[in-house]
Each structure stands twice: as structure tokens, then as C-alpha cells.
Amino acid sequence: MEIKTLGVVGAGQMGSGIAQVGAACGLTVIMNDVQDAFVEKGFATIEKSLGRMAKKGKLTEQEVKEILGRIEGSTSLQDMAKADFVVEAIVENEEVKLNVFKQLDDYCKEGVILSSNTSSISITKIASATKRPENVIGMHFMNPVPVMKLVEIIKGLATSEETYQVTRTLAEKMGKVPVPANDFPGFISNRILMPMINEAVYALFEGVGSAEDIDKVMKLGMNHPMGPLALADLIGLDTCLAIMEVLHKGLGDDKYRPCPLLRKYVDAGWLGQKSGRGFYTYE
Ligand code: CAA
Ligand code: NAD
């Protein structure tokens, strides 16, 4: 099936970024969220990102207009009936994702690939909510999507080789470098990244250093582009906690236990950049 229309479910920081790169490579995009306000926020994020690229001379004003013109907003999951390929990028919660995949399976055309941008949840489990497990796959973009080159591609137990090849080709068309990972909690990326972030939160919790100093050590000492606590704020502390919980439960090893301070911040609604406060405060 030729992929002309990309369905993106979830218009948050990842969904809006995926919609943007999809439209930038010439696809028509349907960007769905549960409320108009969230779809509008998604469009505002895309406009800001495209504006930034235009200012740097990477895009013309005309190209910005054309990219935006290819994205249609939606608040009904039934609109995914028009999609030739779907990327789900909603909250990192297994129950919510299973429910959405069950509906996508009902609404989408036969043979359409249903992919998930999940950071950690089993693709095999997500696929089990559908009657097309051979067409379900993990397509894991990195944040910020318009900038980061990697897309991890994760086959579930029943995912077909054809689904894998189509997804790889689409990732390349979107200007990304696909890397395969097997279906274990957190895949490759978050199996390694999230324990480091969690350990940085423990270092703060135990008073090893201030947030600023922990981040400075990793930036200046290890050449990371941003410190782990600033990165956690960028990712979203709710997402970081959800990923640690999947690692802890799925691998059954206490070395993955989420730091109590991370849990406390999430309980307080301090979710990082998206809520205005995390380890740092934001305008
Ligand atoms: N849209 C478009 N362009 C953007 C952008 C956006 N949202 N954000 C940054 N840019 C561009 C900038 O315009 C700039 O472009 P030029 O190179 O042409 O100047 C470039 O990216 C660098 O940006 P800045 O100069 O503003 O800032 P920076 O050098 O500090 O880079 C950063 C910002 C790219 C976010 C960098 O700090 C970085 O790479 N941080 C680490 C990001 C990371 O680790 N991401 C993975 C998170 S984990 C994940 O995603 C998986 C998961 O499941 C949780
Ligand atoms: P976010 O909180 O910014 O956005 C999630 C969006 O999903 C919200 O707009 C919410 O309204 C919407 N949503 C929730 N339930 C929905 C439903 N039933 N139908 C449609 N929309 C629904 O989260 P995010 O950071 O964009 O993360 C989304 C997914 O991407 C998660 O699975 C996360 O683990 C993964 N991910 C996140 C990052 C990151 O750095 N934040 C990186 C890679 C992957």
C-alpha cells in the first residue's frame, strides 16, 4: 500500500513533532487528540518549530505554509479510517494504549500498519489488543523529533518482516535513521538512558550535589548536550516515572526502582517543561 496519509494519534510534544516531520516529507497528516485545545497546542508547537527553522534559513516561508497546509486536526479517532499508516503517541500508559489500539484496529483499513511511539511498553502486548498483530510495530522517535536522527524500530512477537521493512522505509523518508531493537522493556534507548536519569535523581535526593551541579558534571565532564535532570524535564517527569515503572516491573530487578523524589515531583504535578516546573522552573 502506498503511504500518502499518515495518522498521528496524540498531539503532545512527540505527536506534534511526528506530524511535523511527516508533513515535511510530503505526506498528508491527520493529527488527532482528545480535545480541540490539545490539537491547537500541537499546531502551536509545530508553528514554533517551523518558525525556528525558517529563521535559520532551513525553510522558506512558502515551505512553512505548505507543511502546515498538509496537516489536518482531528478529535475523532474514526478519522484514522483515512490513514495509510498510523503512529500512536499518547500518554505512556499500557491500559490507555491498549484501548486506543483496539479502536484503531476497528476503524483503520485492512493492512494498515499501526505503530506505537511508546518509550518502553511491550509491542507484543499492544499488538495483542488488535486482530492484526502482524501489522503492529514500535516506531520510537526521539525528542525533539524535528532534530533527533534516531528512530528505534521494534518488532513484536507476531510482527511481519514486511511491516518492519515498510516502517524502516517510512522512517528514512522522514529523514531519520532507523535502528532495530528487540521487544524488551525500554528497548535499547530507555534501558540505558532512563536508569541514568533515575540515578541522577537519586544523586539529588541523597544530596550528592545540587541539580545544577549534577547537570554541569554530565555536560562538562561527559560532553552530554544537556544534563540528565534538564533532560528529564524535557522528556516529562510523568513519562520518566512511567518508563522506570515498566523497567522495574518488566525486568523484576530492584536496580530499576524509581527514585521516591521522582514520584513525589510527579505527585505534585511538577512534570518538567510541560507544566512549568520540574527540577528547574520554566516561563
Ligand atoms: N524544532 C526545530 N529545531 C529545533 C528544535 C525544535 N523543537 N529544538 C532545537 N532545534 C534546533 C535549533 O534551531 C538548532 O539549530 P541549528 O543547529 O541550525 O542552530 C539546533 O536544533 C540546536 O538547538 P539550540 O542551539 O537551541 O540548543 P542546543 O544546542 O542546546 O540543542 C537540543 C538543543 C537539540 C535539545 C540538545 O540539547 C540535545 O540534543 N539534547 C539532548 C536531547 C536528547 O537526548 N533527546 C532524547 C531524549 S530521550 C527520548 O526522546 C526517548 C524517550 O522515550 C524518552
Ligand atoms: P505528552 O504528554 O506531551 O502528550 C500526550 C498527548 O496524548 C496529550 O496531548 C494527550 O491529550 C494525548 N492523549 C492522551 N490520551 C489520548 C487518546 N486516548 N487519544 C488521543 N490522544 C490522547 O506526551 P509525549 O511526551 O508526547 O509522549 C507521548 C508518547 O511518546 C508516550 O508514549 C511517551 O513515552 C513517548 N515518547 C516520549 C518522549 C519524550 O521525550 N517525551 C520521547 C519518545 C517517546
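In each ligand, atom 1 is the first atom listed, and ligand 1 is the first ligand listed.
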How far is [atom] from the closest protein heavy atom, and which atom is that?
atom	value
atom 30 (O) of ligand 1	P225 O, 4.9 Å
atom 4 (O) of ligand 2	G12 CA, 3.3 Å
atom 5 (C) of ligand 1	V147 CG2, 3.4 Å
atom 27 (O) of ligand 1	R52 NH2, 4.6 Å
atom 40 (N) of ligand 1	M226 SD, 3.1 Å
atom 7 (N) of ligand 1	P144 CB, 3.9 Å
atom 14 (C) of ligand 1	K56 NZ, 3.6 Å
atom 1 (N) of ligand 1	S49 OG, 2.6 Å
atom 46 (C) of ligand 1	N143 O, 3.4 Å

Review point. Under 3.5 Å, N or O to N or O, is Q20 touching ligand 1 that way?
Key: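 There is no such contact.
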When only distance counts, is [X] in polar contact with ligand 2, meaning an N/O pair under 3.5 Å?
X	answer
D238	no
H140	no
N117	yes
G236	no
V100	no
K97	yes

Under a 3.5 Å threshold, yes or no: a donor from one side chain and an acceptor from the other, between S120 and N190?
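There is no such pair between these side chains.
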Between E92 and T239: side-chain donor-acceptor atoms closer than 3.5 Å: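 Absent: no donor and acceptor within the cut-off.
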Shortest reach to atom 23 (O) of ligand 2 by a heavy atom, considering only M14, K274, E92: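 Shortest heavy-atom distance from atom 23 (O) of ligand 2: K274.
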Would you indicate which of S120, A37, S189, S119 comes nearest to atom 33 (C) of ligand 2 when only heavy atoms are counted?
->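 Ranked by closest heavy atom to atom 33 (C) of ligand 2, first place is S119.
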(Q) Checking contacts here: is it the side chain or the backbone of H224 that comes within 4.0 Å of ligand 1, counting heavy atoms only? Could be both or neither. (A)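 Looking at H224 and ligand 1, no heavy atom falls under 4.0 Å.
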For ligand 1, is any non-hydrogen atom under 4.0 Å from L231's backbone (N, CA, C, O), its side chain (CB onward), both, or neither?
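Contact part for L231 vs ligand 1: side chain (C-beta onward).
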What is the distance from atom [atom1] of [X] to atom [atom2] of [Y], rounded to the nearest 0.5 Å?
X	Y	atom1	atom2	value
N198	F205	CG	CZ	11.0 Å
K176	C25	NZ	SG	10.0 Å
F101	T130	CZ	OG1	8.5 Å

What atoms in ligand 1 come closer than 4.0 Å to a heavy atom of [X]?
X	value
M142	49 (C), 50 (O), 51 (C)
S119	52 (C), 53 (O)
L193	48 (S)

Are any of the heavy atoms in K58 under 4.0 Å away from ligand 1?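 Contact present.
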* Does M14 come within less than 4.0 angstrom of ligand 1, counting non-hydrogen atoms of the residue? ->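 M14 does not count as a contact of ligand 1 under the 4.0 Å cut-off.
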Is the shortest distance from a Lys or Arg side-chain nitrogen in [X] or [Y] to a carboxylate oxygen in the other one below 4.0 Å?
X	Y	answer
D84	K4	no
K155	E161	yes
K274	D233	no

